[in-house]
Amino acid sequence: MTDPLCLAPGGLSLDVLRQIHREAPRLTLDPRSYGAMAASQAVVAAIAGGESAVYGINTGFGKLAHKRIAPADLEALQTNLILSHATGMGAPIADATVRLILAIKAASLAVGASGIRAEIVDALLALANADVLPVIPSKGSVGASGDLAPLAHLCCALLGIGSVRHKGAVLPAGEGLAIAGLSPITLRAKEGLALINGTQVSTALALAGLFEIERAFAAAILAGALSVEAVMGSHRPFDPRISALRGQFGQIDVAALFRQLLDGSPLNAAHQGPSCERVQDPYSLRCQPQVMGAVLDQMRFAARTLTIEANGVTDNPLVLVDTGEVLSGGNFHAEPVAMAADQLAIAASEIGALSERRIAMLIDSTISGLPPFLVAEPGLNSGFMIAHVTAAALASENKSLAHPASVDSLPTSANQEDHVSMATFAARRLGDIAANVTGIVGIELLAAAQGLEFHRPLRSSQTLETAMAMIRERVPSYRVDRYFAPDLEAIARLIGEGRFDALVPVDLSTLGSV
């Protein structure tokens with residue numbers, strides 16, 4: 001069993017967030033957090049017992065903030081808030097993402113600026129550690145006063161209301177609490193508001209999309225290198241001097257990845273020299289550092305934004321223990337997440353768009369020099385003809401999915417919340433985009449591998465031959481037409497499992513190598 005992962009203030013690095021999402025480690029809380037939470041909860045308790053009206057503690061919410069709530073009704077106020085806001089619809093959010101939501105929410109509350117009891121934060125971690133995951137509908141948030149509806153569904157589980165998933169089975173929340181060793185909680189002043197305010201759902205969805213896109217990106221670099229070899233393309237576009245003269249960090253790093261993948265290729269050596277007719281390859285080969293470098297820059301910027309957000313305090317109002325103040329502001333507005341997700345959507349779609357163009361090139365014998373549709377007896381066999389159509393369909397779908405969500409706004413709460421971010425949808429659609437890109441890149445991997453085999457006995461670089469062996473472990477060579485769909489599913493799974501990650505190491509934690 002691996003050591004527990006301690007959630008410390010500011011300690012949710014991108015690597016830690018990725019680990020929580022992919023590996024489900026046992027989570028603990030930094031002991032220093034307990035004093036901070038107790039101090040902020042004491043401030044709220046003092047206000048709740050006093051005469052001053054403070055938003056979210058002894059008033060109504062949103063447009064009803066002017067309504068003063070009697071001390072005897074404060075617990076009912078918080079419970080009513082959760083029940084009325086649990087209005088989500090749609091398919092449930094994936095378990096791995098729910099686990100990430102629980103961790104990010106717990107880490108935010110543990111900073112000690114939310115006025116919530118430590119035992120509630122401990123309960124969030126207990127749910128994650130027991131694999132008792134609230135069923136959270138994926139639709140119903142505009143990313144403005146936080147992810148109100150989805151976070152209300154999360155909070156319902158703490159109250160023993162609604163449903164949870166445990167080891168894949170859906171159970172009543174009360175049964176799930178018992179499995180986790182918990183009893184239903186009774187919310188005190190401000191605690192319901194602290195739980196449902198915040199950007200944790202949209203942030204976790206965006207991170208989950210980023211982690212899938214990260215793997216598709218690595219596989220696309222690999223596929224692009226295999227395609228260069230399959231058509232006996234030039235290695236000159238990856239010369240470091242070209243990228244250095246432009247200075248874009250992502251381009252420099254991507255060109256270096258291609259050089260590493262292609263280094264020492266006997267196939268390339270065999271067609272170099274005065275007789276080589278390759279002067280300038282199509283853009284889909286030649287401009288890979290420029291396009292994929294721009295993608296990498298956007299992924300890194302989004303990763304930085306999302307990491308900052310995961311470590312931030314985004315509920316409202318905020319409790320300042322040092323002065324005893326409770327400040328109302330707008331940290332729950334998820335515009336940074338929405339814009340980061342929009343950037344990722346556009347960048348990921350470009351991965352698929354470029355890959356689709358290389359597939360088109362590979363099956364076109366007038367450009368590739370390979371047999372038509374990459375099959376030895378074209379005519380009798382259709383080969384990769386319709387696999388390319390599938391790739392084109394997925395790439396075209398991504399064009400619609402990539403339309404920016406953050407430019408939309410529909411006022412809510414009787415115009416109190418008159419500008420919203422649409423961050424939750426912006427983040428949620430990244431999963432669909434990533435799946436489409438994975439499908440496109442998987443088709444290219446199969447097509448490029450097929451093309452490379454037409455040059456046997458010549459071989460490519462050691463790294464690319466390793467990749468070829470990995471591909472052929474799952475999908476045999478395409479000799480005659482066969483039921484093709486299982487092959488496409490198999491290669492997509494290979495990408496999704498991260499099998500190519502080690503061959504194409506991509507660092508998103510830095511903005512560049514320069």
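Each residue takes its place number in the sequence, starting with 1.
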Assess the residue pair Glu356 and His388 against the criterion (side-chain hydrogen bond (donor to acceptor under 3.5 Å, both in side chains)); give the C-alpha distance rounded to whole Å, side-chain angles, the decisive distance to 0.1 Å, and a yes or no.
CA-CA 7 Å; Glu356 182 275 327; His388 169 246; 2.7 Å; yes
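- Looking at Arg18 and Asp15, a side-chain N of the basic residue comes within less than 4.0 Å of a carboxylate O on the acidic one, giving a salt bridge.
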Given the rule in the side-chain hydrogen bond (donor to acceptor under 3.5 Å, both in side chains) test, do Thr424 and Ser141 qualify, once you have shown the distances and angles that lead to the verdict?
CA-CA 6 Å; Thr424 318; Ser141 173; 3.0 Å; yes
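- We find the CD1-CG distance between Ile136 and Leu154 to be 4.5 Å, quoted to the nearest 0.5 Å.
- With 3.5 Å as the limit, one finds a donor-acceptor pair spanning the side chains of Thr314 and Gln200.
- Note on ring orientation: taking the six-membered ring where Trp is involved, the planes of Phe484 and Phe384 are perpendicular (angle over 60°, cut-offs 30° and 60°).
- Because its NZ or CZ atom is both nearer than 6.0 Å to the ring centre of Phe425 and within 45° of the ring axis, Arg429 counts as a cation-pi partner of that residue.
- With hydrogens and angles left out, the side-chain atoms of Asn398 and Asn436 include a donor and acceptor closer than 3.5 Å.
- Between Thr199 and the options Glu335, His333, Glu309, a side-chain hydrogen bond (donor to acceptor under 3.5 Å, both in side chains) holds for only Glu309.
- One finds the CD1 atom of Ile440 at 8.5 Å from the OG atom of Ser349 (value rounded to the nearest 0.5 Å).
- You'll find the side chain of Val313 reaches within 4.5 Å of the side chain of Ser114, heavy atoms only.
- Other residues, nucleotides and ligands place more than 12 heavy atoms under 6.0 Å from the CZ atom of Arg22.
- A salt bridge links Glu453 to Arg472: one of the charged nitrogens lies within less than 4.0 Å of a carboxylate oxygen.
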Take Ser227 and Glu444 through the side-chain hydrogen bond (donor to acceptor under 3.5 Å, both in side chains) test and state the conclusion after the steps.
CA-CA 8 Å; Ser227 291; Glu444 185 190 357; 2.6 Å; yes
